[in-house]
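Note sheet for the following structure.
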Amino acid sequence: MITLQNIIAPENEICSEEALYCHRHGTVGFSQSSGQYHLPVGSRLSFGTYFNLFNLQKWGSACALKTLFLEVYGSGCVELRVIHALPDRSWETAYSEVQTLTNQTPVSIDLSAFAQGNQDGVLFLEILAIGQAVTFDKARFATQDAPARLPELAVSITTFKRERDVERTVQRLEAFLETFHYGTHIHVQVVDNGQSADIPENERVTPYPNRNLGGAGGFARGLMEAEKSGYSHCLFMDDDASFHMENIARAYTFLALSKIPEAALAGAMINNTHKWRMWENGAYFDGSCKPLFNGTDLREQSQVVNMEFTSTRHRPATLYGGWWFFAFPIAHVTRYPFPFFVRGDDISFSIANRFQIFTLNGVVSFQDDFTEKESPQTLYLDLRNHLMHHLVFDSLSRSAFGTAKIALRFMARSLLRCKYESAEAQLLSWQDLMQGPDFFDEHIDMSKRRADIKALMKNENWVDLSQLDLSEKRRFSRLPRRLRHYMGVFTLNGHLVPFWSKIGDKMVLPISERGLVFPAFGGADMVFLNTARTKGYRVVHSKTRFFGLCWRILKTLVEFCRNHDALKAKYRKGYAEMASKTYWDKTLR
């Protein structure tokens, strides 16, 4: 019997939001040390949750399962119920029987009828205690289907100067692989761009000191080494990845049983600020990165189930997988990463290689808030890859002005928030892109541009709150929402209003509003805070900087539109040459 999916419990080191794992009804107790649930008579456990429901259609369509079982371990007399939740229909009870649980032999529920015929919907387990001293230990969805061939999986981690994080991640992976049934078919690669991690080599782990060419160079090296060593699949992963080891188990089994040669698996992402809230369950690209199911409250069963229904039925054409967790078949790689350094390499890799990308509930990494990471440097990197994707790929092709609007939107967002340094970096990004693909080769390590952007940053640097005035004076920002919106748009947030620096509001904005334009409307002197509210930075209104940048943006726009077709041809040729194994073999030698 092959385990498809274990029912898992919260881990404090990863996530302790209980409603993502189970819903307790009655006075159910949970032991963190043993992972057991204790149910008095009349209490109930429901596993119709993000981590523990079973998506029939995703597993069925990719893996063509013929058999499906649910095995339950524990002690005591219970009613076991399996619920079949269906889209746009009443939910059904697929199984309901009184059983006596034992630790030695599981109660096995045959659900094979639901595996056959490509049924839709999700299944989940409920347990009702009807005898005294009921204990629930564990459960799993399993199959008797055998894979035609077991994948050889290289887990490739790229790291730079995060020695403790990568060491801890590798230790957790090694401990997991010792006990995982298919652990001998999985090997961990650590591509060390900082050449400082000092990860020891052993039978499960191979370190590769590497030149620092960012995530693109690190993952290109990992892919090259995996291909050279004969692995069938590769899993790109962050060095500070925080996730349940069940991620690896589900991903490996899914790839092993998949009948689709080009099947790839994209892990979802939840940010550490609110671990109950989905950040992205897959994403697609069109003008900008569009995270799917952003904001879904994973504590709410109805929202989780609807997310699973929708993600099963709808797959955008430019769906891509973030490299915090992305597993794919090496044989279907036709393009290597493009040397973006960081930002955008995962988008182009997914689009260029035409994998059939799936997501699975519970396969997710917990990451720090992207909003807090925003800086002039990240905005520089973001804009150039956004523009380049539209120059390279047919599926994203636009007119000259249609592509230019992406740059204009990026810079307008910065200018309206008085973030002139960010706008300056974005304008530099646009102008650098217009030099053609050779620019990326000549600046592959980004050292000069990182220094240039750092020199630009006078105000948009985090400083201790003791250095900032946090007093506020709000008038315009207290206007009714619609009136405030119109005022912000038609006055360009005061840049068309005389003496705005004197009459505009003095505001303090939290991290949740840092990346948004509307909260800045009415402001002329703004302090932005980090998540912990320990640091911040201050920006102030300046007509000189605003209109000076606008003039330079207009000149760049005219030049871009004039040269658009030639630039597009250059990038299509350059992309084919630089997103190749030959290029990286020469570059990383």
Side-chain angles (χ1 to χ4, degrees), residues 147-160 166-167 169-178 180-195 197-239 241 245 247-249 251-258 261-265 267 321 323-339 345-346 349-350 352-353 355 579-589:
R149 178 174 176 267
L150 289 173
E152 299 298 323
L153 176 65
V155 176
S156 190
I157 301 169
T158 295
T159 186
F160 178 76
V166 74
E167 182 181 2
T169 299
V170 170
Q171 287 173 349
R172 293 183 66 233
L173 283 166
E174 286 185 280
F176 166 73
L177 294 177
E178 286 286 344
F180 182 49
H181 185 68
Y182 299 113
T184 56
H185 297 275
I186 301 175
H187 192 79
V188 179
Q189 303 178 165
V190 179
V191 180
D192 183 7
N193 283 353
Q195 302 185 29
D198 197 26
I199 299 294
E201 183 171 0
N202 59 49
E203 62 179 354
R204 298 194 184 280
V205 180
T206 304
Y208 294 102
N210 199 51
R211 181 184 170 196
N212 183 26
L213 303 180
F219 286 117
R221 174 73 185 275
L223 175 56
M224 247 169 37
E225 296 296 344
E227 189 172 3
K228 190 188 304 180
S229 300
Y231 291 98
S232 62
H233 290 74
C234 192
L235 167 57
F236 287 166
M237 185 189 298
D238 274 352
D239 53 3
M245 286 296 129
N247 265 21
I248 307 291
Y252 184 86
T253 306
F254 184 84
L255 295 172
L257 291 170
S258 177
E262 64 274 19
L265 189 63
W323 282 355
W324 49 81
F325 194 98
F326 185 64
F328 57 90
I330 294 173
H332 286 268
V333 173
T334 57
R335 289 281 184 261
Y336 264 57
F338 185 83
D345 38 14
D346 48 5
F349 187 72
S350 292
N353 286 299
F355 303 117
S580 68
K581 183 180 178 182
T582 303
Y583 172 84
W584 283 109
D585 189 48
K586 176 190 69 177
T587 302
L588 293 170
R589 190 175 302 160

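Every heavy atom of this structure was used, including side-chain atoms; hydrogens, water molecules and symmetry mates were not.
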Is [Y] close to [X] at the side-chain level, that is, under 4.5 Å between some pair of heavy atoms?
X    : Y    : value
F328 : S350 : no
L223 : K581 : no
S156 : V191 : yes

- Message: If we ignore hydrogens and angles and just use 3.5 Å, is the side chain of W584 paired with the main-chain N or O of F338 as donor and acceptor?
- Response: no
- Task: Without swapping roles, check the side chain of W324 against the backbone of G267 for a donor-acceptor pair under 3.5 Å.
- Result: yes
Heavy-atom closest contact ([X] atom, [Y] atom, distance):
X    : Y    : result
G183 : R204 : O-NH1, 3.5 Å
I330 : A226 : CD1-CB, 3.8 Å
D192 : A197 : OD2-N, 2.8 Å
A154 : Q189 : CB-OE1, 3.9 Å

For [X], enumerate each residue passing the salt bridge (charged side-chain N to carboxylate O under 4.0 Å, His left out) test, keeping only those at least two apart in sequence or located in another chain.
X    : answer
R149 : none
R211 : none
D239 : R162
D585 : R589

Sequence neighbours excluded, which residues qualify as side chain to side chain contact (heavy atoms under 4.5 Å, CB included) partners of [X]?
X    : value
T334 : N353
P209 : Q195
I186 : L153, V155, L177, F180, I248, Y252
H332 : P261, E262, P329, F355

- Query: Can you list the residues that meet the side chain to side chain donor-acceptor pair (under 3.5 Å) rule with Y583, with sequence neighbours excluded?
  - Reply: D441
- Item | T206: side chain to side chain donor-acceptor pair (under 3.5 Å) partners, not counting sequence neighbours | H187
- Please lay out, stage by stage, how Y336 and F349 fare under the test side chain to side chain contact (heavy atoms under 4.5 Å, CB included). CA-CA 7 Å; Y336 264 57; F349 187 72; 5.6 Å; no
For the atom pair [atom1] ([X]) and [atom2] ([Y]), what is the distance rounded to the nearest 0.5 Å?
X    : Y    : atom1 : atom2 : value
T159 : E167 : OG1   : CD    : 11.0 Å
M224 : E227 : CE    : CD    : 9.0 Å
N247 : L173 : CG    : CG    : 10.0 Å

Identify all side-chain donor-acceptor contacts of residues 229-237 below 3.5 Å with residues at least two apart in sequence or on another chain.
unit_1, atom_1, unit_2, atom_2, d
S229, OG, E225, O, 3.0
S232, OG, E152, N, 2.9
S232, OG, E152, O, 3.3

- Only one of I157, I199, T169, N202 forms a side chain to side chain contact (heavy atoms under 4.5 Å, CB included) with V188, so which one is it? I157
Atom pairs and distances, donor-acceptor, side-chain atoms in residues 213-220, under 3.5 Å, two or more places apart:
none

- Task: Would you check, one step at a time, whether the test side chain to side chain contact (heavy atoms under 4.5 Å, CB included) holds for N212 with N210?
- Result: CA-CA 6 Å; N212 183 26; N210 199 51; over 6 Å; no
